[in-house]
Amino acid sequence: MSSDERGDIRKDDAAKARGMVKKMTNHKFVMHMALYMDILDILSHPSLSFQRDTICLADVVEEVSTTKAVLQDMADGSDGGKLLMMKKDCTDGTYRGGVLSGSQDSAAFAASCRSHIEPLIVCIQKRFSSFSEQAVLSALTALDPKTWPDDLHSHTSDDVATLINHFKEIFTVNRCDTERALSEWMRITKRNCSPDSQFVYT
C-alpha cells in the first residue's frame, strides 16, 4: 500500500516521503553515500587507536600520517572500498534491485570528492601540527624503530640532543650518562647506514 492510499498519513507528509525516496534513489546520492561511508571508515581507525591506553607518540604520528595519505589518495581519484563495491554493484542503472535516476558524471563526482576530502586533510594537519612544529614531539619519533627510515641519517643527532636537553633533570636524577647515550645513537646510525650493516630492527 502506497503512502497515498493510507489514511493515517497526511498528504504533505506523503509528498515529503516521495521526495526523499526520489533523492535516495538518485545515482549521485548513492555514490556520495558510499563516499561518506569510506571517509568515516578511514577516520575511525585513528579515532579507535587514540583511545587505547597503550598508545605511544610514534603510534599517533603513524596514524595521522597514514590517515592523511589514504584520504589524499581518495581526493586524487582512488576509490575507497565502499565506493568501489557500489560501482561494481551498480549495473544498467540499478543498484541492489532498485532503479536509480540520473546519470553518472565522473568529472563532477571527482570534484565533489576533492571538495569533501581536502578540508578534512587540512583539519587533521592543523589539529596535529604540534607533532611537526614542536621540537621535542618531533624528536621523540626518532626513538621508535617503527618510524625509522631506511637511512637513519634523517634522524640526526640533533633529535637525540634535543631530548637529552629537555629531560636533563630526569636523566641527572637517575644518573644517566647523557654523553654516552648520544655517542651510542651516533654509532647506531652509522651501523644502520653502512653497506655491511648487521643491525636489524623490527
Side-chain angles (χ1 to χ4, degrees), residues 34-84 113-114 116-202:
L35 171 66
Y36 299 149
M37 290 176 68
D38 279 327
I39 292 175
L40 288 174
D41 182 60
I42 293 168
L43 296 178
S44 71
H45 286 278
S47 177
L48 293 173
S49 294
F50 296 164
Q51 295 177 50
R52 296 202 315 264
D53 293 334
T54 57
I55 191 170
C56 64
L57 179 66
D59 294 328
V60 175
V61 174
E62 184 179 23
E63 283 286 355
V64 171
S65 177
T66 301
T67 299
K68 290 195 304 180
V70 175
L71 286 173
Q72 188 61 60
D73 283 346
M74 288 183 60
D76 292 338
S78 296
D79 293 337
K82 299 291 191 303
L83 183 57
L84 184 62
C113 286
R114 289 192 297 272
H116 282 81
I117 296 174
E118 289 178 349
L120 291 175
I121 298 174
V122 172
C123 180
I124 292 173
Q125 181 63 41
K126 289 182 179 179
R127 179 66 179 82
F128 296 95
S129 60
S130 59
F131 289 94
S132 58
E133 295 175 357
Q134 294 186 16
V136 173
L137 291 178
S138 178
L140 276 169
T141 62
L143 301 184
D144 194 309
K146 290 192 298 183
T147 67
W148 289 357
D150 292 335
D151 185 351
L152 272 179
H153 279 144
S154 62
H155 281 315
T156 65
S157 299
D158 291 341
D159 293 326
V160 177
T162 296
L163 296 175
I164 288 175
N165 183 64
H166 183 78
F167 296 105
K168 187 174 182 179
E169 291 185 11
I170 297 176
F171 289 140
T172 301
V173 170
N174 289 276
R175 300 179 180 180
C176 294
D177 188 339
T178 55
E179 291 185 359
R180 181 178 178 183
L182 187 57
S183 176
E184 289 181 353
W185 173 256
M186 295 175 66
R187 286 179 58 82
I188 289 176
T189 60
K190 294 299 182 183
R191 290 178 62 188
N192 177 253
C193 298
S194 64
D196 58 347
S197 172
Q198 298 297 314
F199 181 72
V200 178
Y201 58 85
T202 58

| query | In chain order, what residues pass the ring-ring contact (aromatic ring centres under 6.0 Å, His included) check against Phe167, with sequence neighbours excluded? | reply | none
Without placing hydrogens or testing angles, list every side-chain donor-acceptor pair under 3.5 Å for residues 168-177, not counting sequence neighbours.
{"from": "Thr172", "atom 1": "OG1", "to": "Lys168", "atom 2": "O", "distance (Å)": "2.8"}
{"from": "Asn174", "atom 1": "ND2", "to": "Ile170", "atom 2": "O", "distance (Å)": "2.8"}
{"from": "Asp177", "atom 1": "OD1", "to": "Glu179", "atom 2": "N", "distance (Å)": "3.3"}
{"from": "Asp177", "atom 1": "OD1", "to": "Arg180", "atom 2": "N", "distance (Å)": "3.1"}

| said: Would you compute the distance between atom CG of Asp73 and atom NZ of Lys68 and round it to the nearest 0.5 angstrom? | reply: 13.0 Å
| said: If I compare all heavy atoms of Asp59 with all of Thr54, which pair ends up nearest, and what's the gap? | reply: OD2-O, 4.4 Å
| Is the backbone N or O of Pro46 less than 3.5 Å from a side-chain atom of Ser49, with the two atoms forming a donor-acceptor pair by type? | no
| Interatomic spacing from OG in Ser78 to CD in Gln72 - rounded to 0.5 Å | 10.0 Å
| query | If every non-hydrogen atom of Ala161 is compared with every non-hydrogen atom of Leu182, which pair is closest and at what distance? | reply | N-CD1, 4.2 Å
| Heavy-atom closest contact (Leu35 atom, Cys113 atom, distance) | CD2-SG, 3.8 Å
| field | Any donor-acceptor pair under 3.5 Å from Ser65 side chain to Val61 backbone | value | no
| field | Any side-chain heavy-atom pair of Leu43 and Leu71 under 4.5 Å | value | yes
| Contacts of type side chain to side chain donor-acceptor pair (under 3.5 Å), residue Asp79, not counting sequence neighbours | Lys87
| request: Grab the two heavy atoms, one from Glu63 and one from His45, that are nearest each other, plus how far apart they are. | output: OE1-C, 4.1 Å
| said: Looking at every heavy atom in both Val136 and His166, which two are closest together, and how far apart are they? | reply: CG2-ND1, 3.5 Å
| If we only count heavy atoms from C-beta on, is the Met74 to Ile42 side-chain gap below 4.5 Å? | yes
| task | Working to the nearest 0.5 Å, report the span between CG of Asp158 and CG of Asn165. | result | 11.5 Å
| query | With a 4.5 Å limit on heavy-atom distance, are the side chains of Val64 and Arg127 in contact? | reply | no
| Does Ser44 offer a backbone N or O that forms a donor-acceptor pair with the side chain of Ser47 under 3.5 Å? | no
